[in-house]
Amino acid sequence: MTTRRAESIRMAGHRISRSELYDLVWSEPAFIAAKRFGISDVMLAKICAGSNIPKPGLGYWAKLESGRIVERTPLPIRALGQNEHIIFGTLSHWETLVLEGDVEFVKPHFPEGLDELTARARALAEKAPIRRTLSNPHPEIAKILRKDEALREKQANSRLAFRLYRPLSDSKQGRRRLIILNALLKSLGYCGAGKARTRGDATEWSIHIADQVLAFKLSGDSDPRLDFNRGDDETPLTLAIFWWDAPEKLKLEWSDNEDGPLEEQIRSITEAFLVVAELRYREIEMFQYDRLLREKTESENSVRQHADETIQQEDSRLEKLTQGRRQELFHDAAKWKRAEELRAYISAALAAPCASEAVRENRELWAAWAMAEADLLDPLKCKDPKNE
């Protein structure tokens with residue numbers, strides 16, 4: 001990577017693609033690359049690991065300086081649901097990037113169609129082992145089982161005969177729920193899913209798949225925790241992924257039906273989770289692109305409108321200035337005409353035999369005064385500052 005390209009990455013709003021960061025960390029030592037983003041090389045290593053970007057190993061730069069040919073570890077394909085861009089600093093994916101200069105936005109492109117995407121997700125799901133028991137529980141399922149054991153001990157030591165709630169795993173349906181959830185969470189974990197969270201009744205869940213968080217629900221017609229629901233063991237269960245305004249023809253719900261119980265649909269459900277995670281990522285990317293493009297257009301329109309208003313204001317100022325100068329011209333011409341008329345009158349008055357008494361008393365003094373008045377009125381006459 002050239003110095004110019006590295007500098008452009010540093011100045012690119014701290015938002016770069018996986019391939020750009022990959023090129024950067026393989027073009028200069030990590031402690032130099034990290035400074036471009038104001039972070040440590042340890043933090044840069046964590047970011048690369050989280051984005052599945054390989055880094056040079058120990059001795060890479062020494063071998064390179066010695067002239068040895070060292071091959072790069074290829075950049076793996078972006079995982080399903082993984083963000084293509086890495087954002088450094090306080091800027092989040094939902095915040096708008098700073099629009100500076102002539103910024104060009106490239107519309108996100110996803111080469112994999114839905115069929116190819118589904119095939120890729122299916123290949124991952126088919127390799128995942130399916131757990132049929134709770135012998136090796138997922139961490140969140142293990143947490144529920146520990147709470148059940150604590151509740152069981154508490155109730156055993158209680159003198160109260162009436163119990164509203166019972167441990168979830170004590171009922172047939174409750175234990176079945178945990179087995180289904182454990183199988184799904186373990187399967188998704190094998191495919192790269194991260195943390196999972198649930199509420200107290202283990203009905204509503206959220207799970208991280210790459211950089212996306214999906215919410216889902218496993219429910220039936222009754223609550224297996226209630227102690228009086230002893231006959232609900234055969235209640236059908238339904239698992240549904242939450243997605244507001246989801247694409248059409250995308251399956252987001254599974255139930256105990258002719259296709260079999262949910263336990264036998266874990267692979268297809270896992271496949272659907274992976275597909276949904278990728279489609280959610282694409283939806284967010286398109287939303288971001290449309291928003292940035294819209295804000296860029298609005299910014300350009302605002303600049304253009306401001307420029308138009310500035311031009312209009314200048315035109316208005318010049319028009320007012322022209323009108324003022326025109327009025328001043330007409331006013332000066334009128335004053336000059338009055339001065340000329342006044343001089344003509346003075347000449348006529350001095351020649352008239354029947355002049356006024358003021359003229360007859362002292363013609364020279366009156367003529368000097370009258371001509372001075374005409375000169376003061378005449379805009380073409382230079383004025384004496386002393387007379388101003």
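Note: hydrogens, waters and symmetry copies are ignored here, and every other heavy atom, side chains too, is used.
Under the side chain to side chain donor-acceptor pair (under 3.5 Å) rule, Glu271 has a single partner from Arg120, Lys251, Arg122, which is Arg122. Partner Glu278 forms a side chain to side chain contact (heavy atoms under 4.5 Å, CB included) with one of Thr118, Leu114, Leu80 and no other, that one being Leu80.
A salt bridge links Lys143 to Glu140: at least one charged side-chain nitrogen sits closer than 4.0 Å to a carboxylate oxygen. In this structure, Asp290 does not pair ionically with Lys107, as no charged nitrogen and carboxylate oxygen lie closer than 4.0 Å. Using a cutoff of 4.0 Å between basic side-chain nitrogens and carboxylate oxygens, Glu340 and Lys335 are not scored as salt-bridged. Look at Arg267 and Glu126 and you find no salt bridge, because none of the NZ, NE, NH1 or NH2 atoms lies under 4.0 Å from a carboxylate O. Under the 4.0 Å criterion applied to side-chain N and carboxylate O atoms, Glu264 and Arg132 are not assigned as salt-bridge partners.
Interatomic distance, CG of Leu24 versus OG of Ser19, reported as 11.5 Å (0.5 Å rounding). Within the model, atoms CD of Gln212 and CD1 of Ile207 stand 13.0 Å from one another, a figure rounded to the nearest 0.5 Å. Considering CG of Leu151 and CZ of Arg146, their distance stands at 15.0 Å, rounded to 0.5 Å. To the nearest 0.5 Å, atom CD1 of residue Ile144 and atom CZ of residue Arg177 are 11.0 Å apart. Atoms CG and NZ, on Asp41 and Lys35 in that order, are 9.5 Å from each other to the nearest 0.5 Å.
In this structure, the side chain of Ser268 engages the main chain of Gln265 through a donor-acceptor pair within 3.5 Å. Looking at Thr310, its side chain does come within 3.5 Å of a backbone N or O of His306 through a donor-acceptor pair. Between the Glu285 side chain and the Pro108 main chain, no donor and acceptor come within less than 3.5 Å of each other. Formation of a donor-acceptor pair under 3.5 Å by the Ser51 side chain with backbone atoms of Ile47 is found in this model. Looking at Gln327, its side chain never comes within 3.5 Å of a backbone N or O of Gly324 through a donor-acceptor pair. Distance alone, capped at 3.5 Å, places no donor-acceptor pair between the Thr238 side chain and the Ser219 backbone. Without hydrogens or angle criteria, Glu65 side chain to Ala62 main chain gives no donor-acceptor distance under 3.5 Å.
Across all their heavy atoms, Leu178 and Leu168 have their closest contact at CD2-CD2, 3.7 Å. Nearest heavy atoms, Ala339 versus Ala374: CB-O, 3.4 Å. Across every non-hydrogen atom of Trp366 and Ala349, the tightest pair is CH2-CB, 3.7 Å. Heavy atoms only, all atoms of each residue included: Ala196 and Leu185 are closest at CB-CD2, 4.0 Å. In plain terms, the two heavy atoms of Val275 and Ala121 that are nearest each other are CG2-CB, 3.7 Å. Residues Thr73 and Tyr22 come closest through the heavy atom pair O-OH, 2.7 Å.
For the pair Leu117/Leu279, a side-chain contact is recorded, criterion being any heavy-atom separation below 4.5 Å from C-beta on. By the 4.5 Å heavy-atom criterion applied to side chains, His85 and Arg18 are not counted as neighbours. Side-chain contact between Glu300 and Gln305: absent, with no pair of heavy atoms (C-beta onward) separated by less than 4.5 Å. The shortest side-chain heavy-atom distance between Leu237 and Ser255 does not fall under the 4.5 Å cut-off. Looking only at side-chain heavy atoms (C-beta outward), Tyr281 and Asp211 stay at 4.5 Å or farther from each other.
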_Checking Asp256 against Arg176 for the salt bridge (charged side-chain N to carboxylate O under 4.0 Å, His left out) test, could you report, in this order, the C-alpha distance in whole Å, the side-chain angles of both residues, the deciding distance, and whether it holds?_
CA-CA 12 Å; Asp256 295 321; Arg176 181 181 175 226; 2.7 Å; yes
*With salt bridge (charged side-chain N to carboxylate O under 4.0 Å, His left out) as the test, would you mind laying out the steps for Glu149 and Arg152 before giving the verdict?*
CA-CA 5 Å; Glu149 182 62 30; Arg152 201 175 290 115; 2.7 Å; yes
*asked:* I'd like to know whether Asp378 forms a salt bridge (charged side-chain N to carboxylate O under 4.0 Å, His left out) with Arg343, so could you lay out the CA-CA distance, the side-chain angles of the two residues, the decisive distance to 0.1 Å, and finally the verdict.
replied: CA-CA 10 Å; Asp378 190 349; Arg343 292 189 185 98; 3.0 Å; yes
*Yes or no on side chain to side chain contact (heavy atoms under 4.5 Å, CB included) for Phe37 and Ile16, after CA distance, side-chain angles and deciding distance?*
CA-CA 11 Å; Phe37 308 107; Ile16 65 174; 3.9 Å; yes
_I'd like to know whether Ile266 forms a side chain to side chain contact (heavy atoms under 4.5 Å, CB included) with Ile180, so could you lay out the CA-CA distance, the side-chain angles of the two residues, the decisive distance to 0.1 Å, and finally the verdict._
CA-CA 8 Å; Ile266 296 299; Ile180 293 172; 4.2 Å; yes
*Evaluate side chain to side chain contact (heavy atoms under 4.5 Å, CB included) for Leu134 paired with Arg175, printing each intermediate quantity in order.*
CA-CA 9 Å; Leu134 296 176; Arg175 190 167 186 83; 3.9 Å; yes
*For side chain to side chain contact (heavy atoms under 4.5 Å, CB included), just list the numbers for Ser169 and Lys147, CA-CA rounded to whole Å, side-chain angles, deciding distance to a tenth of an Å, and then say yes or no.*
CA-CA 10 Å; Ser169 57; Lys147 288 182 179 180; over 6 Å; no
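By the 6.0 Å and 45° rule, Arg280 stacks over the aromatic ring of Trp243. Taking the ring axis of Phe110 as reference, the NZ or CZ atom of Arg78 does not stay both within 45° of it and closer than 6.0 Å to the ring centre.
Between Phe273 and Phe216, the ring planes lie perpendicular to each other; the angle is over 60°, past the 30° to 60° tilted range.
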Distance-only donor-acceptor pairs under 3.5 Å for side chains of residues 312-322, two or more places apart:
from   : atom 1 : to     : atom 2 : distance (Å)
Glu314 : OE1    : Arg317 : NE     : 3.2
Glu314 : OE2    : Arg317 : NH2    : 2.6
Glu319 : OE2    : Gln323 : NE2    : 3.1
Thr322 : OG1    : Leu318 : O      : 2.8

